[in-house]
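Report on one structure; see the data block that follows.
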Amino acid sequence: MSEQVIEKYGINFEERAKQILSTEPILAAKDLEVQFTLRGEKLNAIRKCSLELYDGETLAIVGESGSGKSVFTKCFVGMLDKNGSITGGSILYNGQDLTKFTTEKEWRTIRGGKIAMVTQDPMTSLNPLKKIGVQIQEAIELHQGMRGREAKREAIHMLELVGIPDPERRYNQYPHEFSGGMRQRVVIAIAVACRPQILICDEPTTALDVTIQAQILDLIRKLQREQHMTIIYITHDLGVVANVADRVAVMYAGQIVEIGMVNEIFFDAWHPYTWALLGALPQLGVKGEKLPAIDGTPPNLFNKVVGDSFAPRNHQALNIDFLEEPPLFDVTPTHQAKTWMLDPRAPKINQPDTIRKLSSQHLMDAEPISHMDHPHLRPDREPLIEVKDLQITFGSGKKKFVAVDDVNFTIYRGETFSLVGESGSGKTTIGRAIVRINPITNGEVLFKGRRITGKISRELDNEVIRSCQMIFQDPMASLNERAKVDYIVSEGIINYHLYKDNKDRVDKVQHALEEVGLLPEFSSRFPHEFSGGQRQRIGIARSLIMQPEFIVADEPISALDVSIRAQVLNLLNELKKKRNLTYLFIAHDLSVVRFISDRIAVIHKGRIVELAEAEELFRHPLHPYTRALLSAVPNPNPYLERSKKLLVYDPSVHDYSVDKPEWCEILPDHFVYGNAPELDGYRKELGL
C-alpha cells in the first residue's frame with residue numbers, strides 16, 4: 001500500500017524522516033517544567049516536557065486550549081507572563097541553556113534574530129498608532145543593522161515578499177486599513193525580516209477564511225524554502241497539520257503524549273487522546289449521528305496529577321493508568337507514545353475505526369455516510385423563513401455600500417440551511433436582518449408567511465423576538481461580563497414577562513442550562529469562570545429559554561477546539577431533533593457545514609452564487625467561486641491535503657457586459673448564478 005501511495009501522490013514521508021533525523025537537533029528541551037503563581041496557588045502548566053527540533057523541519061504541536069502549547073514555545077523566546085517561571089529542565093540552543101537567561105539583554109540576542117514568533121491575533125500584535133512599514137523597518141534595523149533608506153527599501157521588499165500588492169503605498173498605511181489576512185501577512189513579514197533560524201507560528205490561521213488560510217500556509221512554506229527556516233506550528237486544526245507538518249507532537253495537560261512523523265500520527269496513532277482528537281473531526285462523521293466527542297475535562301493542574309493525565313476521560317483506561325505515569329514507549333524510531341497500552345504486559349487493544357477510515361482514504365476521498373432525513377424534500381414541507389429580493393445597504397450618497405443584493409432563498413421547518421462564504425461576503429448581515437437587528441433597503445423577509453421586515457405590529461414583533469433567536473460568534477464578547485449566568489440566560493424572559501414568578505424563572509434557567517449540558521449551580525457564576533465551549537453553551541441556553549422555532553447560528557464554533565466543536569455540533573443536532581428547531585447556520589468551515597447541513601448557499605460579495613443540497617454541492621460544484629472554496633477545504637489526510645490543487649477565484653472570468661446573469665435552477669433544487677453561455681457550460685459538465 002505504501003508504494004502505491006508514494007507512486008500516486010509522490011510523497012515519501014519515510015525518506016523525509018531519514019533527512020530530518022540524520023542531523024543533530026538545533027534545539028532540545030529536556031524535562032522542562034513551568035509554573036504559574038495565580039491567586040497565591042501554584043499551577044504546573046508544563047510538566048517534564050521534552051522535545052528535539054531538527055534543522056529545516058516543520059513541527060506541528062496540537063492539543064486543546066490549555067494543554068500548554070503556547071506556554072511551552074514561549075519559553076524558547078523568553079515571553080512567559082510575569083507570574084510564570086521555568087522551575088526545572090533545560091532548553092539547549094547553540095550551546096546555550098536558555099533557561100539560565102535572566103535578563104532582557106540576554107534574551108534580545110536570541111529573540112527575533114535567532115528565534116521569532118508569529119502570534120495568533122495580528123491586530124493585537126501590531127501597534128495601531130504606527131504605520132505598517134515603520135513597524136517592519138524597526139525589526140530590520142534592530143536585527144539586520146540596516147538604517148534609513150536601506151532599511152526602508154528592505155521593509156518594502158518584505159511587504160512584496162509576503163504578497164502584499166502595491167507595497168510602496170501600503171508602507172504608509174496603518175493596521176486598521178488592512179484586512180485580517182493582510183495583517184497576518186504583515187506580522188509574518190516582521191518575523192521573517194529578522195532572518196530567524198526558527199519561526200514559531202502560534203495559531204497563524206485560526207480566524208481566517210479557508211481561502212486566506214490556504215494562501216498564508218503557502219506563503220509560510222515558500223518563505224521557509226527561501227530562508228531555510230525551521231518552523232513550529234501551534235494549532236488545533238488537524239487539516240493545517242496535514243498540510244504543513246513533517247512531524248507532529250500531541251500535547252495534553254502540559255505534556256507531550258505522542259510524537260511522530262505526520263503519517264504515523266494520522267494513520268498509526270497509539271495514544272487514546274490522539275484517537276479522540278482524530279475521531280472528533282466532522283470529515284469522519286456520519287451525517288445525522290453524533291460525532292465522537294471527548295467526555296469530561298482536562299485535569300486541574302493546580303493539583304498534583306497522579307497516573308496518566310488522560311485516564312479519567314479514557315473509557316479504555318487500565319488500572320495502572322490511575323496509579324502510575326506512563327513513560328514514552330517507542331512505536332518506531334521516529335514515533336513515541338506515552339501510554340501504558342504499549343507496554344508488553346498490557347492487554348491487546350485495537351486502534352479505533354477512525355484510524356482505519358483515515359488510512360482507507362489514501363487512494364480515494366470518500367463521501368461521508370448520511371443517515372439524515374431532509375425536511376426540504378418532504379412533500380408536506382412547510383416554509384418557515386422566506387427571503388425575497390433582499391437588499392441591504394450601509395451609508396448614503398458617495399459612501400453608500402451595498403452589502404447584500406438580490407438575495408432569495410426559503411428555509412423549511414426542521415432543516416439546517418447553511419450560508420458559507422468569506423469574511424465580508426454578507427453572511428452575518430443577512431442573519432441579523434432576518435432576526436430584525438439590521439434594517440433592510442429593499443425586498444422582504446417572511447416568517448410563517450407573514451412579512452416581518454419594516455414596520456410591523458407590536459404583537460408580531462414580540463412573536464418574532466421570541467420565535468427567532470441568534471447564537472453569536474464570539475461567546476466571550478456576546479455575554480455580559482458583569483452579570484451572572486442566571487441573569488444572562490433569563491434576560492429575554494424578564495424583558496418579555498415569559499414567567500409566572502421568580503421560582504418559575506429560576507426553574508426555566510436551570511432547565512435551559514441542563515438542556516445544554518451545564519450544571520444548575522453554574523447559574524451563580526460569571527462568564528470569565530467558564531471555558532470557551534461552556535460560554536458557547538450559555539449563549540445557546542440564552543436562546544433556548546425563549547422557546548424559539550428558528551435560530552440563526554452565526555459561526556458558533558469557529559473559535560473552538562476540535563473536541564469542543566464536536567460537543568457543540570452534537571448539542572445543536574440533538575436540540576434540533578428534540579425541539580424540531582430550524583437553523584440558519586453561518587460558517588466559513590465547509591467540513592463542518594457538510595456534516596451539519598441539509599442545504600448550502602454559497603455567497604460572494606453580497607450575492608448568492610450557488611445553492612444546493614449539501615452532498616450535491618460537494619459532488620457537482622458549478623460556480624468558479626464554489627470550486628475555489630471547496631479546493632481550499634483542509635483534508636485530514638496528509639497525502640490528499642498535499643496533492644490537492646488550490647483554485648483561486650478571479651471575478652474577471654465573468655463577462656456580464658452583454659449577456660446579463662440570472663438565477664437558474666439547473667437541476668432540481670440546485671441553483672446557480674450565471675449568464676446564458678455560463679449556464680450552457682454548466683449543463684454540458686452535468687451531461688444535460
Side chains of Asp97 and Ser90, donor plus acceptor under 3.5 Å: no
Side chains of Glu514 and Pro520 in contact at under 4.5 Å (non-hydrogen atoms): yes
Any side-chain heavy-atom pair of Thr87 and Asn44 under 4.5 Å: no
Aromatic ring pairing Phe526/His528, orientation class (parallel under 30°, perpendicular over 60°, tilted between): parallel
Taking every non-hydrogen atom, the tightest pair across Leu590 and Phe618: O-CZ, 3.5 Å
Straight-line distance of Ile91 CD1 to Phe72 CZ, nearest 0.5 Å: 7.0 Å
Pair Thr58-Val262, side-chain contact (heavy atoms from CB on, under 4.5 Å): steps then yes or no: CA-CA 10 Å; Thr58 300; Val262 65; over 6 Å; no
Shortest non-hydrogen contact between Met117 and Ala191, atoms and distance: O-CB, 4.3 Å
Atom pair NE2 (His228) and OG1 (Thr230), whose distance is rounded to the nearest 0.5 Å: 6.0 Å
Heavy-atom closest pair, residues Pro327 and Trp340: CD-CH2, 3.7 Å
Minimum heavy-atom distance Gln567-Ala293, with the two atoms named: CG-CB, 3.6 Å
Atom pair NZ/CD of Lys338 and Glu258 - distance to nearest 0.5 Å: 12.5 Å
Pair Glu289-Asn573, side-chain donor/acceptor within less than 3.5 Å: no
Within-4.5 Å side-chain heavy-atom neighbours: Leu51 and Leu59: yes
Polar contact flag, side-chain donor to acceptor under 3.5 angstrom, Glu325-Gln255: yes
From Tyr54 atom OH to Gln19 atom CD, the distance as rounded to the nearest 0.5 Å: 14.5 Å
Plane angle bin for Phe522 and Phe530 - parallel if under 30°, tilted between 30 and 60°, otherwise perpendicular: perpendicular
Within the 6.0 Å centroid threshold, strictly below: Phe267 and Tyr639: yes
Pro636 vs Leu278 side-chain heavy atoms within contact, under 4.5 Å: no
Heavy-atom side-chain contact between Val62 and Tyr233 under 4.5 Å: no
Residues Thr235 and Asp237: side-chain donor-acceptor under 3.5 angstrom: no
Residues Gln224 and Arg221: side-chain donor-acceptor under 3.5 angstrom: no
Atom pair CG (Leu519) and CD (Gln534), whose distance is rounded to the nearest 0.5 Å: 9.0 Å
Polar side-chain atom of Lys290 near backbone of Ala566 as donor-acceptor pair, under 3.5 Å: no
Rounded distance [0.5 Å steps], CG in Asn83 versus OG1 in Thr37: 6.5 Å
